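Since we're looking at a predicted model, the values are computed, not measured.
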Amino acid sequence: MTRPSKTSGERPASRVRRHLPTSPWLFAAPGLLVVAVFILYPFVSTVVNSFTDRRTLIPGEFVGLANFRELLHDDMFWTGLRNSVLYMVGVVPALVLLPLLLALLVQKNIPGITFFRSAFYTPVVASIVVVGLIWVWMLDERGLVNSLLEAVGIGRVGFLSDQWLLLLSAMAVTVWKGLGYYMIIYLAALANVPRELHEAASVDGAGAVRRFFTVTVPAVRSTMVLVAALSSVAAFKVFSEVYLMAGPNGGPAGEDTTLVMLVQRTGTGLTGRVGYASAISVVVFVVTVALMLLVLRADRKEDA
């Protein structure tokens, strides 16, 4: 009579894990391959190219910090940095506060509120190209907005020809398109705020405004930090809105160029300076990481 093998009493899953110790990695391999090819490799390649004088059709040679030293004397780089910072300063406060107010408005379960929730979220799923073209047609010299202004006697306004008005118009597009996205995030956070807190504040005589600052804001403060971090990075790396409204040259005399637009303009084409554009990209990466760390540090100080 043959003796049973030692593995006859093992469960099938245990035998699979024993014979295939790398099976979890096999399941993760497709995702890891995508990350390596489309994220990790481009990142490493960009960092390496930033220390070379590579062009589109020329491999280039190692030049050390020459590209970064050139950035310090490049007026267009400082213009792009100024516009990116101004864009972030103008957009982030609006995207932190307005979606919260919008979420409080649509949070109530009243007849027809589902329609308004869908309407507010529609710009999020719309193509940025379509959205940009619609706003360009509206703000054009002969567009809808200027026609209405002329009809009431104000006169036409150069929304797309004035340096600062063009930048403000692009900010308005970013805020309008992002309201619905951050509204959904706030709705999820507001659903976790205990109703008893509002009821207790009401019993103490607190009005709607006071309850907002003493109950709602503290309850969703971590979500506000998250929204601030996400919107800061997105605003600093803005490209599509300004590109569609200002054109590839960045508006009048290129005064509305952002850093990401400068990367695209410098590093593309048959004579593109890939090494110099990579150096700008590294600066953008460092600044965005610094923004994230500053926001997280401020949040930790507030917790302490």
Side-chain angles (χ1 to χ4, degrees), residues 33-91 127-129 132-133 136 160-164 166-167 169-171 173-174 232-294:
L33 182 62
V34 171
V35 171
V37 173
F38 295 102
I39 298 179
L40 184 59
Y41 173 75
F43 173 77
V44 174
S45 178
T46 299
V47 174
V48 173
N49 288 332
S50 66
F51 298 101
T52 68
D53 58 354
R54 180 178 180 181
R55 292 181 178 269
T56 302
L57 301 177
I58 303 175
E61 298 179 355
F62 180 78
V63 295
L65 298 176
N67 290 324
F68 296 95
R69 286 194 295 267
E70 184 178 350
L71 287 177
L72 299 177
H73 305 285
D74 188 351
D75 293 336
M76 190 55 66
F77 167 77
W78 292 109
T79 298
L81 180 60
R82 178 201 65 192
N83 291 332
S84 296
V85 172
L86 289 177
Y87 206 94
M88 180 183 61
V89 172
V91 165
S127 170
I128 184 59
V129 176
L133 291 177
V136 167
L160 303 180
S161 57
D162 181 80
Q163 172 189 349
W164 301 113
L166 196 154
L167 202 61
S169 300
M171 292 180 187
V173 175
T174 300
S232 297
V233 173
F236 189 79
K237 298 191 302 180
V238 66
F239 172 79
S240 300
E241 292 91 327
V242 181
Y243 184 86
L244 290 170
M245 302 187 73
N249 294 325
E255 288 296 324
D256 290 300
T257 300
T258 63
L259 284 180
V260 179
M261 289 180 64
L262 187 60
V263 171
Q264 184 269 342
R265 188 192 312 168
T266 306
T268 57
L270 295 178
T271 59
R273 300 180 61 191
V274 177
Y276 189 68
S278 298
I280 303 175
S281 300
V282 170
V283 172
V284 173
F285 171 76
V286 171
V287 173
T288 52
V289 171
L291 288 173
M292 295 290 291
L293 294 177
L294 287 175

So do Leu72 and Trp78 actually touch side chain to side chain, heavy atoms under 4.5 Å?
-> yes
With side chains defined as the heavy atoms from C-beta onward, is the minimum distance between Glu61 and Thr52 less than 4.5 Å?
-> no
Under 3.5 Å, side chain of Asp162 to main-chain N/O of Trp164, donor-acceptor pair present?
-> yes
Taking atom OG of Ser84 and atom CG of Leu259, what is their separation to the nearest 0.5 Å?
-> 4.0 Å
In Å and rounded to the nearest 0.5 Å, what is the CD1 to CG distance from Ile58 to Asp53?
-> 8.0 Å
Would you call Arg82 and Glu255 a side-chain contact if the rule is heavy atoms closer than 4.5 Å?
-> yes
Are Tyr41 and Val44 side-chain neighbours, meaning at least one heavy-atom pair lies under 4.5 Å?
-> no
Closest approach of Ser161 and Pro252, non-hydrogen atoms and distance?
-> O-CG, 3.1 Å
4.5 Å side-chain heavy-atom contact, Ser50 and Phe68 | yes
Could you walk me through whether Val274 and Thr56 pass the side-chain contact (heavy atoms from CB on, under 4.5 Å) check?
-> CA-CA 6 Å; Val274 177; Thr56 302; 4.2 Å; yes
For Asn49 and Ser278, the nearest pair of non-hydrogen atoms, with its separation, is CB-OG, 3.4 Å
Any side-chain donor paired with an acceptor under 3.5 Å for Asp74 and Tyr276?
-> yes
Report yes or no: does Thr266 contribute a side-chain atom to a donor-acceptor pair with the main-chain N or O of Leu262 at less than 3.5 Å?
-> yes
Between Leu166 and Met245, which heavy-atom pair has the shortest distance, and what is it?
-> CD1-O, 4.0 Å
Leu65 side chain near Phe51 side chain, heavy-atom distance below 4.5 Å | yes
Could you go step by step and tell me if Leu291 and Met88 meet the side-chain contact (heavy atoms from CB on, under 4.5 Å) rule?
-> CA-CA 11 Å; Leu291 288 173; Met88 180 183 61; 3.4 Å; yes
Could you tell me whether the side chains of Thr257 and Arg265 share a donor-acceptor contact shorter than 3.5 Å?
-> yes
For Tyr87 and Thr174, test the side chains for any donor-to-acceptor distance below 3.5 angstrom and give the result as yes or no.
-> yes
To the nearest 0.5 angstrom, please state how far the CD atom of Gln264 sits from the OG atom of Ser281.
-> 11.5 Å
Answer yes or no: does atom CZ of Phe239 have more than 12 heavy-atom neighbours from other residues, nucleotides or ligands under 6.0 Å?
-> yes
Please report the shortest heavy-atom distance between Thr271 and Arg55, naming the atom on each side.
-> O-NH1, 3.3 Å
Is the number of heavy atoms from other residues, nucleotides or ligands within 6.0 Å of CG (Leu270) greater than 12?
-> no
Exercise: identify the closest heavy-atom pair between Ser240 and Ile128 = CB-CG1, 3.6 Å
Would you give the length of the straight line joining atom CZ of Arg273 to atom CD1 of Ile280, rounded to the nearest 0.5 angstrom?
-> 8.5 Å
Determine the minimum heavy-atom distance between Gly251 and Asp256, stating which atoms define it.
-> CA-OD2, 4.1 Å
Rounded to the nearest 0.5 Å, what's the gap from OG on Ser232 to CZ on Phe236? Could you check?
-> 10.5 Å
Evaluate the criterion side-chain hydrogen bond (donor to acceptor under 3.5 Å, both in side chains) for residue pair Tyr243 and Thr258; output intermediate values, then yes/no.
-> CA-CA 9 Å; Tyr243 184 86; Thr258 63; over 6 Å; no
